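Written below as structure tokens is the structure these notes are about.
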4 protein chains.
Amino acid sequence: MTKTKAGPASAAETAAAPEGAAVKREVRTRDPERTRGNILAAATVEFSSRGFAGASIDAIAKRSGANRRMIYHYFGSKRGLWLAVLEAAYERVRTAELRLHLEQLAPEKAMRALVAFTFDSFIGERTFINLLNSENLHQARHLKGSTRIKTMHSPLIGMLQDILDKGVAAGVFRSGIDPAQLWISIAGVSFFYFSNIFTLSVILDRDLMSKKQIAERRAHVVDLILAGIRA
Amino acid sequence: MTKTKAGPASAAETAAAPEGAAVKREVRTRDPERTRGNILAAATVEFSSRGFAGASIDAIAKRSGANRRMIYHYFGSKRGLWLAVLEAAYERVRTAELRLHLEQLAPEKAMRALVAFTFDSFIGERTFINLLNSENLHQARHLKGSTRIKTMHSPLIGMLQDILDKGVAAGVFRSGIDPAQLWISIAGVSFFYFSNIFTLSVILDRDLMSKKQIAERRAHVVDLILAGIRA
Amino acid sequence: MTKTKAGPASAAETAAAPEGAAVKREVRTRDPERTRGNILAAATVEFSSRGFAGASIDAIAKRSGANRRMIYHYFGSKRGLWLAVLEAAYERVRTAELRLHLEQLAPEKAMRALVAFTFDSFIGERTFINLLNSENLHQARHLKGSTRIKTMHSPLIGMLQDILDKGVAAGVFRSGIDPAQLWISIAGVSFFYFSNIFTLSVILDRDLMSKKQIAERRAHVVDLILAGIRA
Amino acid sequence: MTKTKAGPASAAETAAAPEGAAVKREVRTRDPERTRGNILAAATVEFSSRGFAGASIDAIAKRSGANRRMIYHYFGSKRGLWLAVLEAAYERVRTAELRLHLEQLAPEKAMRALVAFTFDSFIGERTFINLLNSENLHQARHLKGSTRIKTMHSPLIGMLQDILDKGVAAGVFRSGIDPAQLWISIAGVSFFYFSNIFTLSVILDRDLMSKKQIAERRAHVVDLILAGIRA
DNA sequence: TATGAATGAGTCTTCATTCAT
DNA sequence: GATGAATGAAGACTCATTCAT
């Protein structure tokens, strides 16, 4: 993201910009890449914590340390900014998924790892959850128009297919399981827990945010899925 | 628009107001119950389709056919109205759950019925999903203050406990399954599909809203859960 | 315009509101008719002196002494306000025209009076001129939608027809003159002088605003038209 | 968008830029005359169709294909640009007037030609009309400061004087007519028709833009003026 | 109970203009 | 000569809420 523009002063500046915090720079040099990045980071926080309608351009500008006008310069509109935030979030998730290497593992171990990875990816990260919920509230209006996201296919489904095939061949998994359906289920049992963690905590009268509860949930999820596909 | 003060003919008119539709009455008699109900119905639509921040008091007033001031009269504030909407939604869900009678069924059949019921309860109903997502976006701020909802415990968990116990005794289910965790899983695999149906449809490039896809999902969900708890 | 609402205090209040000036009232009682009127008066000044785009809702609100929000309450939008201003202006002009009684006069005298009246109606009144020019800049977009203005036909054309007929019968006017064309000409020779008075003053290097120049113009206009239709 | 520094092919390209159209060039060479001209053409369109306040520097920049900054480079400010547009418009009109040669014609024929020429000069050209109206809205603020325009006296008034003198000498025109007043009248009966063509069409319920109506108007105007000055 | 009038702070967005390169 | 980045003020319009009747 950072464009090294090789000025003598720039090295120090690009060093540490606390992401998400309001940025105050003494030296206001020109750095479009940085300005754009700051806005995007600020918008991600605001949008994900308040929803699309609840977030305000003003607050985003303030948080990013940039001028309000710059948002329109770089992103055109509130919706344009939202889309950029969404795309960046998807990209981050997909990138993380790509770092997962399960080819060498035995089917059962691989599946355990994949489920656990999916579960863990939601811990301490409401950002993506909230963005997804908001986008679904708007019926994926923005996502539909994004060619960029459409081409970012999740590698997880391909991995699942491979693992399932190997497991079936090894006689440990039952056959006939649609990997896409299974992926939705794995994501679902994890996502729902974190997405609805606040209301569920009230309804069930438990603190689902606690480490203990999360660990229990993790174990349950892995067990349930593994048992669910066993031969 | 024309206002005629309570004539003798008005009694018949107050009878049936189609809930959820914008109400246009020639004769506007005084009918607190009705006014309140109209506002609540209108607010449910607006809140669930636009989220808390996205919904406007004005739009709700217009849709309900009531005066803007009446909203404050009956519900105090936007947040008060939101809470009332939320409570009513929970109540509707709980009431539906109570109509479910699984006691006489064999454990497996009962479990299948319960999973299917949960799944079906989300079909064609984004209202509750959206309300829940919005409430979680706000970290259950309103729910926490509602004594009414806190006492409305879902009967499903109790049912699950019974079914699991019977199944374990009959040797068809494995033991050691936490009914609350299982309930979250059942809800999760169903909820996530419908909650994220728009983004998932784009990402997976399938029309998940189609009857065929929903039927497939339903079968997968029931199978997965049943297999997941089998002895 | 003033709606006498027969409260004991209202009499004093409705007395003298200096039209067009910023209104500051100590007692801020409710008086919709008055608020609406104040806004309309303020908008007329702003719109006519700055054009549609140049006028600002804020300035109109300030000048009217009303809240900015009230403008939207009463007129819906800037364009709605503009239309109301335009309609009121047309109404004032038509009303003035109706006070003209030329039936008893001899044809030549009547025609002189009508031309002079038309000319005089533009003296010291840029309001209507500017509104018309702005509306034409926008291709009569608003006027087209106004049923109210469409029904306000100018009585002048009918009068012209009568005068022409009588003059032809008396042998003082030539026949075959279209009253509508003549009306456009009478209006044109007067309107253009006042509408373009500033640029013409510069180009011709004369102060066309001076009383002397205006008197000369008036004489020329009356003479030209009279000579132009003479038999 | 791609910027290629002055290649050998660029010479041919700078030849003919269709004035008034948005310019898209692959090769963007340095051509001050052209850039200035493009801006001026774009500004003429924007200003004349939206008025001074309604036009935006941004839109002009976009339409001209030039950089926003260039406008300030060449014209200093929005007002400076407006003045340049106004001056160019006047120049075009004056140049057209100079091409009119009436010296050889008999007084009546010459006068007819002059009136018809004036009338025709407004057909299909709202540009100048709108610019004049806007400038008058601002009380000729910019025109007053333009030494250039002040020296561009309309040759028409001189021509009128000559024709009137010849006509009086020949006994066909009455004496004592001020050529400046007559010029204003000739312009007025023509200008007003076209300037207010939209509102008049609505009010009179006729399509004054139609060829038939314009022809009728032209005949009326010529006849009226000729009759108006006849001896 | 019910209503429309009224408010001030807020919304997103665009304005003309200047700065650094 | 030419460009894109950056700015603060202003644009129209909507917000949730309260007041007077």
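The structure displayed is predicted, hence computed values, not measured ones.
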* **Heavy-atom donor-acceptor pair, A:E46 side chain to A:A59 backbone, under 3.5 Å** => no

* **Nearest-angstrom distance from the residue atom CD1 of C:I71 to C1' of F:dT14** => 14 Å

* Measure the distance from CG on D:N38 to C1' on F:dA2 and round it to the nearest whole Å. => 14 Å

* For E:dA6, does either OP1 or OP2 sit under 4.0 Å from a side-chain N or O belonging to C:Y74? -> yes

* State whether the side chain of B:E87 and the backbone N or O of B:S146 hold a donor-acceptor pair below 3.5 Å, judged by distance alone. => no

* Atom pair distance, as rounded to whole Å: CZ in D:F75 and C1' in F:dG1 -> 14 Å

* **Passing candidate, side-chain contact (heavy atoms from CB on, under 4.5 Å) with A:F75, options A:L83, A:L81, A:I60** => A:L81

* Asked: Which whole-number value in Å describes the distance from C:F52 CZ to F:dG11 P?
  -> 13 Å

* Asked: Paired with E:dC15 by Watson-Crick or G-U wobble geometry, both distances under 3.5 Å: which nucleotide is it?
  -> F:dG8

* Structure fact -> Ranking B:R79 and C:A55 by the position along DNA chain F of their nearest nucleotide, the one closer to 5' is C:A55

* To do: Verify the contact: side-chain N or O of D:S56 to OP1 or OP2 of E:dT14, cut-off strictly under 4.0 Å; return yes or no.
  => no

* To do: Find which nucleotide of DNA chain F each of A:R36 and C:D58 is nearest to by heavy atoms, and output the residue with the more 5' nucleotide.
  => A:R36

* Structure fact -> For E:dT21, the nucleotide meeting Watson-Crick or G-U wobble distances (both under 3.5 Å) is F:dA2

* Base F:dG1 to side chain D:R69, donor-acceptor N/O within 3.5 Å cut-off -> no

* To do: Ignoring backbone atoms, test whether B:S77 places a side-chain nitrogen or oxygen under 4.0 Å from the OP1 or OP2 oxygen of F:dT17.
  => no

* Closer to the 5' end of DNA chain E via nearest nucleotide, is it A:K78 or C:M70? -> C:M70

* To do: Keeping the roles fixed (side chain from A:K78, backbone from A:Y72), state whether a donor-acceptor pair exists under 3.5 Å.
  => no

* Quick one: A:H73 NE2 to E:dC12 C1', roughly how many Å, whole number? -> 18 Å

* **Polar side-chain atom of B:S64 near backbone of B:A61 as donor-acceptor pair, under 3.5 Å** => yes

* To do: Find the distance A:I39:CD1 to F:dA5:P and express it as a whole number of Å.
  => 11 Å

* To do: Let me know the distance between CZ of A:F47 and C1' of E:dT11, rounded to the nearest Å.
  => 13 Å

* Asked: Atom OH of B:Y72 and atom P of E:dA5: how far apart are they, to the nearest Å?
  -> 17 Å

* Any donor-acceptor pair under 3.5 Å joining the side chain of D:R68 to the base of E:dT17? -> yes

* Asked: Of all the nucleotides listed (F:dT18, F:dA5, E:dT13), which has the minimum atom distance to the side chain of A:I57?
  -> E:dT13

* To do: Check whether any side-chain nitrogen or oxygen of A:N67 sits under 4.0 Å from OP1 or OP2 of F:dG8, and answer yes or no.
  => yes

